[in-house]
Amino acid sequence: GRLLRAPGSPLRGEPTAHSRQLLLQLNAQRAKGFLCDVIVVVQNALFRAHKNVLAASSAYLKALVVHDNLISLDQE
């Protein structure tokens, strides 16, 4: 496969392998509560999360995390 990287980038290997490793590390950090900066509430259950990951995954979540550190996804 063709390697896509910026000139001078220290990244080696395929981008898909790097992406997978990045997501695994972010999930491990979340599981430990490391650098979590938002709490998501769903049906009275609390989930610690990273705002940047939520914002990158959904325009809806991005709009919510910009202003709040506690987000309820329960229907009102």
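Note that this is a predicted model, so its numbers are computed, not measured. Just the heavy atoms: all of them, side chains too, but no hydrogens, waters or symmetry mates, feed the values below.
Note that OG of Ser72 is 12.0 Å distant from CD1 of Ile39, once rounded to the nearest 0.5 Å.
Counting Ile, Leu, Val, Met, Phe, Trp and Tyr side chains that sit under 4.5 Å apart, directly or through other members, Ile71 shares a hydrophobic cluster with Val38, Val40, Val42, Phe47, Leu54, Tyr60, Leu61, Leu64, Val65, Leu73.
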Scan the side chains in residues 26-36 for donor-acceptor partners under 3.5 Å anywhere in the protein, sequence neighbours excluded, and list what turns up.
| residue | atom | partner | partner atom | Å |
| --- | --- | --- | --- | --- |
| Asn27 | OD1 | Arg30 | NE | 3.1 |
| Asn27 | OD1 | Arg30 | NH2 | 2.8 |

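With sequence neighbours left out, Asn69 forms a side-chain hydrogen bond (donor to acceptor under 3.5 Å, both in side chains) with Lys51.
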